Amino acid sequence: NSDLVQSYLQIRDLMANSQSIADWHLPPALSIFPDWLLAALPTILFPADPAYALAIYPALLLSLYCLAGGRLLSLVHRASPLELTWILAGVMVISSWSTYQSWSNAISSWLFTTSAHPNIHTGAVLMTLFCSWLLLQEIQMGGNTRQRNLLVATVWLTTFSDAIFFVWF
């Protein structure tokens, strides 16, 4: 699937010629954040061998998901964010191992593989985590009008983002 390598190739193209972005024929709804930023790190560190980027990016992304999830869960559980991060990391390792062991189950391997690569709705995952945090803040602390408005706006923009970009295309 070309979507899985697009960010790495774009970063390599920019490294070779920073003016090349003007020649790209891509839709305006690029997944620059956070996918390009995360794909840039291993691509810049290991420019000679793209295989490193393909291995480092998923580990980096899933680690960041565990950190965010640990912080989010600490709002509702009486455990430290670090402890919860390690629990989520353990779940992630067990999930990846079981997915590896059962490659015959196409759905589980596809879901795990594509969720750990760029251009697969990483921004949507971030918005979900952010909205979850806002909602938990509202439930626990009562929130305020500004926070409620931010939650409504974020949910609305996330829900209708495809329709908004459709007009742009």
Side-chain angles (χ1 to χ4, degrees), residues 1-8 10-11 26-43 53-99 105-169:
N1 189 337
S2 64
D3 285 349
L4 299 180
V5 296
Q6 181 179 3
S7 291
Y8 307 116
Q10 289 170 325
I11 296 298
L26 297 170
L30 295 175
S31 53
I32 292 174
F33 181 80
D35 297 313
W36 275 21
L37 301 176
L38 293 175
L41 181 65
T43 305
L54 293 172
I56 292 170
Y57 180 94
L60 179 62
L61 183 63
L62 296 175
S63 296
L64 291 173
Y65 284 164
C66 288
L67 283 168
R71 178 68 182 117
L72 190 61
L73 287 173
S74 72
L75 295 174
V76 294
H77 292 290
R78 292 197 170 134
S80 76
L82 186 59
E83 290 173 320
L84 294 167
T85 298
W86 280 110
I87 290 169
L88 289 174
V91 168
M92 193 68 66
V93 167
I94 291 168
S95 298
S96 62
W97 179 81
S98 63
T99 299
N105 185 348
I107 292 175
S108 66
S109 60
W110 173 84
L111 182 62
F112 184 78
T113 302
T114 57
S115 66
H117 287 286
N119 297 325
I120 308 296
H121 307 293
T122 309
V125 171
L126 288 176
M127 296 311 295
T128 301
L129 288 169
F130 181 66
C131 287
S132 300
W133 176 77
L134 284 173
L135 182 62
L136 287 172
Q137 291 290 326
E138 176 68 28
I139 291 169
Q140 287 187 331
M141 299 174 195
N144 57 40
T145 303
R146 187 173 144 242
Q147 206 167 7
R148 285 186 201 112
N149 291 340
L150 182 60
L151 177 60
V152 169
T154 305
V155 169
W156 189 88
L157 285 171
T158 304
T159 303
F160 296 106
S161 62
D162 288 343
I164 293 167
F165 281 116
F166 181 72
V167 174
W168 194 349
F169 291 133

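Each residue takes its place number in the sequence, starting with 1. None of the values given here were measured: they were computed from a predicted structure.
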From L82 CG over to C66 SG, what is the distance, rounded to the nearest 0.5 angstrom? 11.5 Å

Any side-chain heavy-atom pair of F130 and L151 under 4.5 Å: no

To the closest 0.5 Å, what do you measure between CG (L88) and OG (S63)? 11.5 Å

Residues 134-153 vs salt bridge (Lys or Arg N to Asp or Glu O under 4.0 Å), sequence neighbours excluded, gives E138-R148

Going by side chain to side chain donor-acceptor pair (under 3.5 Å), name the residues that satisfy it together with T154, two or more places apart in sequence or in a different chain. none

Which value, rounded to the nearest 0.5 Å, describes the distance between Q147 atom CD and W133 atom CH2? 5.5 Å

Only residue of L129, L84, L67 satisfying side-chain contact (heavy atoms from CB on, under 4.5 Å) with L72 is L129

Starting at CG of L60, measure out to CG of L41 and round the result to the nearest 0.5 Å. 6.5 Å

What's the spacing between Y65 OH and T85 OG1 if we round to 0.5 Å? 15.0 Å

Here the gap from S80 atom OG to L73 atom CG, rounded to the nearest 0.5 Å, amounts to 11.5 Å

